[in-house]
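What follows is a single structure, written as structure tokens, with notes after it.
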Amino acid sequence: MRANGFDAFLLGALEEIELAGLTRRLSPLESPQLPSVTRGNVRVVNFSSNDYLGLAAHPALRDAAMLEWERGGFGAGSSRLICGTLAAHEELEAAIAGFKRTPAALSFGSGYAAAMGSIPAICGKGDVIIMDKLSHACLIDAARLSGAILRIFPHNDLDKLESHLNWSSRKHPHARVLIVVESVYSMDGDLAPLREIVNLKERFGAWLFLDEAHSVGVLGPGGGGLAEQLGLGDRIEVQMGTLGKALGAHGAYIAGSRTLRDYLINRARSFIFSTAPPAPVAAAATKAIAISCSPEGSRLRELLWSNIRNLAAALECPNPESAIVRQIIGPEREATLASSTLLSQGFLVPAIRFPTVARGAARLRYTVTAGHRADEIEALGEVFRNLRSTDSGSSD
Ligand SMILES: *Cc1c(COP(=O)(O)O)cnc(C)c1O
């Protein structure tokens with residue numbers, strides 16, 4: 001190809017990323033998504049997956065997908081508004097609505113697409129979006145795309161949230177005001193003070209968008225998330241969740257009123273202008289929801305929570321609130337090094353770096369599932385204690 005600077009531009013940018021210690025590379029995964037996985041022909045215990053209930057490789061999901069494949073084929077062929085909507089998607093949305101105890105739900109190809117479609121559909125130029133500082137990239141991107149005025153409050157800081165709400169009602173009395181928060185923060189594992197946020201948004205007449213990506217399957221009696229656990233579901237305008245984490249399938253949903261669903265079918269561009277997910281994937285997700293609400297789901301959640309408590313104890317992190325435990329390391333390179341050291345000892349624990357988290361706040365992010373064995377968690381604890389003692393020894 002003619003030299004026009006394109007490759008030089010790409011290489012220069014990659015070099016800058018490398019200099020900052022921020023290079024990302026794909027590592028082949030040679031086994032199914034299980035508590036132990038094979039990477040580069042080496043078996044390692046997997047403390048990196050969001051498959052919290054261990055459903056990703058569950059035979060019931062495979063069977064549901066196979067059955068749907070035989071019934072209706074694989075690809076959906078078009079957006080649901082073009083060819084027509086398949087039974088598998090309608091069944092999935094009925095299951096989600098039952099699971100979330102909302103009148104309706106709409107499914108999307110991914111959580112990223114759900115956020116990008118729904119937030120700009122609800123808010124636009126002249127409106128106000130108030131968002132937690134640690135919100136997931138898809139929520140930030142969606143808020144930016146909407147063109148609304150964006151106000152960020154420090155993580156879980158209710159006073160600052162209230163002052164933004166005060167500011168909006170003074171400066172933009174006619175604007176729509178949407179608060180965007182997560183229930184479990186994906187890189188920290190802590191919870192939003194949801195009851196207080198719901199009370200505040202009601203006091204100010206604002207609306208609430210709640211992303212339950214890491215609480216679905218994990219919190220609530222049926223795994224419906226933090227809103228279910230606190231009994232707040234019917235006071236929240238928009239509840240988003242993903243089907244690809246604890247539910248072991250793929251895709252995402254927005255749950256809420258029937259009117260919200262009808263509105264998004266007409267306004268969410270990532271729904272309208274995108275091919276529907278394959279029906280077998282929808283059928284697997286429907287099955288996963290049935291499992292989450294069943295006695296098997298309760299058993300899996302008990303196992304998960306027992307593993308969460310053991311993991312947190314092994315890593316000396318008190319009071320875990322979710323299946324995510326993180327240790328802040330600070331410098332990006334040190335976090336990568338710590339992750340490599342753990343990998344060489346047989347434990348897959350990712351280093352999370354900028355831009356996923358703030359610069360200089362790189363960390364190890366451990367996640368645990370219902371399928372981990374107690375001895376695997378104990379072995380991780382032992383390695384952690386050894387590493388820490390050699391660490392503090394060398395810094396003297
Ligand atoms: C993973 C995640 C998403 C994106 O969901 P996908 O289905 O993986 O696209 C959205 N929000 C949060 C908080 C997440 O952790």
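In listed order, ligands and their atoms are each counted from 1.
- When each atom of ligand 1 is checked for a heavy atom of Glu182 under 4.0 Å away, the hits are 13 (C).
- Of all atoms in ligand 1, listed by their number and element, those nearer than 4.0 Å to a heavy atom of Met240 are 10 (C).
- Residues Leu165 and Leu200 form a side-chain contact, since some pair of their non-hydrogen atoms from C-beta on lies under 4.5 Å apart.
- Within the cation-pi definition used here (under 6.0 Å to the ring centroid, within 45° of the axis), Arg151 qualifies as a partner of Trp167.
- For the atom pair Ser322 OG and Tyr185 OH, the distance stands at 12.5 Å (nearest 0.5 Å).
- Gln33 places no side-chain N or O within donor-acceptor distance of the main-chain N or O of Ser49, the cut-off being under 3.5 Å.
- The nearest heavy-atom contact from the protein to atom 11 (N) of ligand 1 is Asp211 OD2, 2.6 Å.
- Here His250 has no heavy atoms under 4.0 Å from ligand 1, in either its backbone or its side chain.
- Ring centroids of His372 and Phe47 are separated by less than 6.0 Å, placing the two rings close together.
- Asn50 places no side-chain N or O within donor-acceptor distance of the main-chain N or O of His214, the cut-off being under 3.5 Å.
- The His214 neighbourhood of ligand 1 comprises atoms 14 (C), 15 (O), with distances under 4.0 Å to a heavy atom of that residue.
- Polar contact check, Gly111 against ligand 1: a nitrogen or oxygen pair lies under 3.5 Å apart.
- The proximity of Ala252 to ligand 1, defined as any non-hydrogen pair under 4.0 Å, does not occur for either the backbone or the side chain.
- In terms of protein heavy-atom proximity, atom 1 (C) of ligand 1 is closest to Lys245 NZ, 1.5 Å.
- Ser168 places a side-chain N or O within donor-acceptor distance of the main-chain N or O of His164, the cut-off being under 3.5 Å.
- Side-chain atoms of Glu228 come within 3.5 Å of backbone N or O of Gly222 as a donor-acceptor pair.
- Atom numbering of ligand 1 starts at 1 in the shown order; those under 4.0 Å from a heavy atom of Ser186 are 15 (O).
- For ligand 1, the polar-atom distance check finds no N/O of Thr242 at less than 3.5 Å from any of the ligand's N/O atoms.
- Counting the atoms of ligand 1 from 1 in the order shown, those under 4.0 Å from a heavy atom of Cys138 are 10 (C), 11 (N).
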